[in-house]
Protein chains: 2
Amino acid sequence: MDVKTVCLGMLTDGPASGYDLKKEFESSFGHFFSAGYGSIYPALSTLSDKGYVDCEEIPQEGKPDRKVYRITDEGRQFLLRALEKRETCHKVRSEFLATMCFAHLMAPDDVEAVIDHRLTEIEKYKQLFREIEQDWQPEWPPGAKFVLGFGKTMAGAMETYITENRHLLADEAAVKTAVG
Amino acid sequence: MDVKTVCLGMLTDGPASGYDLKKEFESSFGHFFSAGYGSIYPALSTLSDKGYVDCEEIPQEGKPDRKVYRITDEGRQFLLRALEKRETCHKVRSEFLATMCFAHLMAPDDVEAVIDHRLTEIEKYKQLFREIEQDWQPEWPPGAKFVLGFGKTMAGAMETYITENRHLLADEAAVKTAVG
DNA sequence: AGCGCCATGTAAGTGGTTACATGATTGT
DNA sequence: ACAATCATGTAACCACTTACATGGCGCT
């Protein structure tokens with residue numbers, strides 16, 4: 001599944017502009033699927049070329065025309081076919097864990113700094129989840145609740161694990177200090 | 001951090017061929033950093049061009065020469081500088097969660113199938129972790145233990161969350177069935 | 001007879017990121 | 001005054017994936 005398909009899915013919730021979709025990628029989808037303008041705008045024009053979305057241009061003063069996209073019947077059909085795929089992936093790419101693999105080569109303070117940075121990033125996600133919960137709309141689909149809960153659970157588990165196990169890496173630092 | 005840097009890091013553990021590194025990407029690094037031959041072999045030749053690794057060619061009969069790479073002093077210095085970066089990322093890209101966001105558009109059986117497939121994938125990871133623990137070498141660095149524990153914790157948390165909350169999506173199915 | 005392992009690599013393609021280009025309006 | 005928000009898009013670049021190309025050895 002690529003950015004195009006996710007955009008199409010977002011549009012089942014109602015018409016939206018590229019700018020609107022970007023905000024959704026930053027908030028609710030942010031923790032598991034990111035996309036920038038450089039992916040979103042080309043995605044929307046491709047979807048338009050294929051007839052999967054219609055575009056309504058709303059003139060504005062001082063700003064570029066606001067282009068509001070609406071999913072078409074063909075778009076809906078395409079989306080439903082795409083959602084039939086059972087073998088979905090769930091990939092993690094972590095510089096953090098890769099770095100921690102080589103903690104024994106690093107200065108102890110650097111290891112601590114990397115861990116602290118990761119914990120603040122996790123805190124940001126937790127804050128984001130709180131914000132989403134605060135303006136929760138009852139009409140949001142069950143998947144939204146499932147995915148939000150998933151994010152909260154993972155963030156919590158990560159935070160706990162890192163806090164309780166950072167000593168595994170810090171001990172190495174203690175050894176170095178004792179030896180050196 | 002890219003594949004080149006991770007390869008370099010792996011080579012601090014001792015000389016290895018591209019084939020050896022691939023196996024490491026599949027086992028211990030598999031759950032947070034993947035790479036195929038198409039990334040590894042070019043990475044090694046780039047590292048060689050930059051003088052970060054030395055290459056020893058060992059002739060073999062019937063197979064291509066085995067090329068064993070060894071990290072150089074410059075390579076070690078480069079790696080240490082790369083590891084000083086505090087702002088490491090930890091990105092998730094999940095077709096699974098994206099699909100679940102649109103569960104209300106799907107046939108109930110398809111939702112179930114996607115979830116079941118995800119649970120079997122998680123089970124594979126758990127099996128992989130068990131295998132790593134079985135041939136655990138005491139000389140492996142503390143980071144390896146930290147990262148393995150991280151993977152086990154996340155896999156467990158995911159499995160539990162999905163099992164306990166899949167009803168959020170199945171309920172929708174029940175509604176449809178009741179209505180339809 | 002066929003599969004999996006060992007062992008290397010390239011070439012084309014995919015898909016996404018980053019930087020650039022533009023500029024009014026609204027809030028602090 | 002200055003930052004953030006609204007609003008679009010392109011072009012160059014980057015990194016990785018997939019498919020291809022080659023082929024012996026050992027096991028069942």
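Numbered from 1 within each chain, the chains take letters A, B, ... in sequence-line order.
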A.B. asks: Give the nucleotide from the list dT10(D), dG9(C), dC6(C) with an atom nearest to the side chain of Tyr41(A).
C.D. replies: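 For the Tyr41(A) side chain, the nearest candidate turns out to be dT10(D).
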
A.B. asks: Decide whether Glu123(A) and Gln127(A) meet the rule of one side-chain donor and one side-chain acceptor closer than 3.5 Å.
C.D. replies: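 Result is no, nothing qualifies.
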
A.B. asks: If I take atom CD1 in residue Ile58(A) and atom C1' in nucleotide dT8(D), what distance separates them, rounded to the nearest angstrom?
C.D. replies: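 Rounding to the nearest Å, CD1 of Ile58(A) and C1' of dT8(D) are 14 Å apart.
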
A.B. asks: With a 6.0 Å cut-off on ring centres, are Phe146(A) and Tyr161(B) close enough?
C.D. replies: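 Yes - the distance between ring centres of Phe146(A) and Tyr161(B) falls below the 6.0 Å cut-off.
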
A.B. asks: To the nearest angstrom, how far is Asp65(A) atom CG from dT8(D) atom P?
C.D. replies: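 Distance, rounded to whole Å: 9 Å.
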
A.B. asks: Heavy atoms under 4.0 Å, any strand shown: does Ser45(A) hit a base, just sugar-phosphate, or nothing?
C.D. replies: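 The residue Ser45(A) makes no contact with any strand.
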
A.B. asks: Asp49(A) and Thr46(A): side-chain donor and acceptor closer than 3.5 Å?
C.D. replies: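 There is no such pair between these side chains.
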
A.B. asks: If you take all heavy atoms of Thr163(A) and Glu159(A), which pair is closest and at what distance?
C.D. replies: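 Of all heavy-atom pairs spanning Thr163(A) and Glu159(A), the closest is OG1-O, 2.7 Å.
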
A.B. asks: Would you list the protein and nucleotides 12-19 of chain C atom pairs, both N or O, that sit under 3.5 Å from each other?
C.D. replies:
residue : atom : partner  : partner atom : Å
dG16(C) : OP1  : Arg93(B) : NH2          : 3.1
dT17(C) : OP2  : Ser39(A) : OG           : 3.1

A.B. asks: Starting from the C-alpha separation in whole Å, work towards a yes-or-no answer on salt bridge (Lys or Arg N to Asp or Glu O under 4.0 Å) for Asp20(B) and Arg66(B).
C.D. replies: CA-CA 10 Å; Asp20(B) 294 332; Arg66(B) 187 174 144 88; 3.0 Å; yes

A.B. asks: Mind calculating the distance between CG (Leu47(B)) and C1' (dA15(D)) to the nearest angstrom?
C.D. replies: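 Taking CG of Leu47(B) and C1' of dA15(D), I get 14 Å after rounding.
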
A.B. asks: Please pick, from dG9(D), dT10(C), dT8(C), the nucleotide with the shortest atom-to-atom distance to any side-chain atom of Ser17(B).
C.D. replies: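 Out of dG9(D), dT10(C), dT8(C), the nucleotide with an atom closest to Ser17(B)'s side chain is dT8(C).
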
A.B. asks: When the ring centroid of Phe33(A) is compared with that of Phe29(A), is the distance short of 6.0 Å?
C.D. replies: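 Distance test on ring centres: not under 6.0 Å, no.
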
